[in-house]
Amino acid sequence: MDAATLGRNPIPATEPTTDERSRKLVTLASLIGTTVEWYDFFIYGTITGLVFNKQFFPSDDIFVSTALAYTVYAVGFVTRPVGGILFGHFGDRIGRKPLLVLTLLIMGISTFLIGLIPNYATIGIAAPLLLLLLRLLQGIGLGGEWGGAVLMSFEYAPKHQRGYYACFPQVGLAIGLCLATGVVALLTWLLPDAAFQSWGWRVAFLLSIVLVIVGIFIRLRILETPEFAKVREARKIVAVPVGEVVRDYKKNVLLGWGARWIDGVVFNVYAVFTIAYLAGILKYDKTSILVSISLAAFALIFTIPVASKWSDRIGRRKVYGWGAFACGVAAFPMLWAMHYSGSAIVAGLAIVIALGVIYAPVYGPESALFCELFDTRVRYTGISTVYQVSGIVSSSITPLIATTLLKANGGEPWYIAFYIFFVGVVSAISTYYMRRTF
């Protein structure tokens, strides 16, 4: 097309370029895919303190049954590194896109099947064993999902907006949590407790299949990232990505683990542990607590992009480090409000502030912060190693630790608050020492 033709038929200024259209489609695919994955993963955590501790791990002691249920909850995090390293290996060798469809299928089918497992009274020990098996598969699916979704958004983004674009898989967590707790809250409100305990909770798991179908349809339409395509064209594919990560990126991995600690602790205290703590132990209305967590997740949908844009402007380490410290300090007033106010409204407001606002500067910029620790050739493996391996300590055992600390402190929350504060300081220091970025 010559200049004269261009002059007669100018491209409208408002029409998006092919790159912009591709970027929007990739962002949408990452957002919807991670929403599905996190909904599936969180629906287990949401139900644990309400159903699984009674129907799959029966005990006369509520602390014991809850601890057993949270132990299986933790197993999902233990297998996430397996999924992260496995899918990271192939994601760094054959590309980001193909793995994302597979991870979605693994997670969706596992979650659907959990909704069909008979309880302990029906099939005995087979019930918790089947729950354990499917939780293992959930962990493997999510382990591969997060890294791929983040990289699709990060590697398509303009360099000066990578924090903002890479935050959309993080927003998927907020929407997934909002849906998970919202669906359960609706079911507990609509159904008598006996009906919810008998069959109502299963609806939340079975609904997952609808989200999976939508997610796969969109993901099949996206293309490989430009950055990985360049690596493949230049024949710079790494034979064993995890070997190079261990050899050349040890410091970045260790600092990433330290920085990630506060993320897992804060999230699992306020979004998972508080359900059993407030509804099961302090006897607050369970629907009110679930609604509060849903509202906190809804707030994150807006606060995560704001914090991520802020990180593009003033630096990711600054935003993340101060956010980690703020989460640690906030534990004291938030847990005080939950425990001593005697009001479900005040306790719920504390959850919304802690999880929906103070947590955003940590979780929003996190994906871009970790991506920038690794070169494109090993980035999938690198960020999966940081995020998923650290989750064993930072996320998986947090509800169990919190339950133990609560009992050790005679039902008082202060040991938990000091634990969160200590973790916040460690994460802030780890973030401060991050230097080498790509």
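Just so you know, these numbers use all the heavy atoms, side chains as well, and skip hydrogens, waters and symmetry mates. Values in this document were obtained by computation on a predicted structure and should not be read as measured data.
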- prompt: Got more than 12 heavy atoms from elsewhere within 6.0 Å of CG, Leu129?
  reply: yes
field: For the student: nearest non-hydrogen atoms of Val352 and Leu295, plus distance
entry: CG2-CB, 4.0 Å
Interatomic distance, Thr27 atom OG1 to Met152 atom CE [nearest 0.5 angstrom]: 9.5 Å
- prompt: Of the non-hydrogen atoms in Ala174 and Ile304, which two are nearest, and what is the gap between them?
  reply: CB-CD1, 4.5 Å
- prompt: Roughly how far, to the nearest 0.5 Å, is NZ of Lys318 from OG of Ser311?
  reply: 12.0 Å
Spacing of Leu130 atom CG and Leu113 atom CG [to the nearest 0.5 Å]: 9.5 Å
task: Please name the pair of heavy atoms, one in Val150 and one in Ser367, separated by the smallest distance, quoted to 0.1 Å.
output: CG1-CB, 3.6 Å
- prompt: Would Arg316 and Met434 count as a side chain to side chain contact (heavy atoms under 4.5 Å, CB included) if you check the C-alpha gap in whole Å, the side-chain angles of each, and the deciding distance to 0.1 Å?
  reply: CA-CA 10 Å; Arg316 266 172 273 292; Met434 286 180 179; over 6 Å; no
task: Can you sort out the partners of Arg260 under salt bridge (Lys or Arg N to Asp or Glu O under 4.0 Å), two or more places apart, ordered by chain and number?
output: Asp263
- prompt: Does Tyr284 use its side chain to pair, donor to acceptor, with the backbone of Gly342 at less than 3.5 Å?
  reply: yes
query: Does CZ belonging to Phe325 count more than 12 external heavy atoms closer than 6.0 Å?
result: no
message: Counting neighbours of CZ on Phe298 that are heavy atoms of other residues, nucleotides or ligands and sit closer than 6.0 Å, is the number greater than 12?
response: no
task: Indicate yes or no: at least one non-hydrogen side-chain atom of Val266 is less than 4.5 angstrom from one of Val362.
output: no
task: For the pair Phe332 and Trp414, name the ring-plane relationship: parallel under 30°, tilted 30 to 60°, perpendicular over 60°.
output: parallel
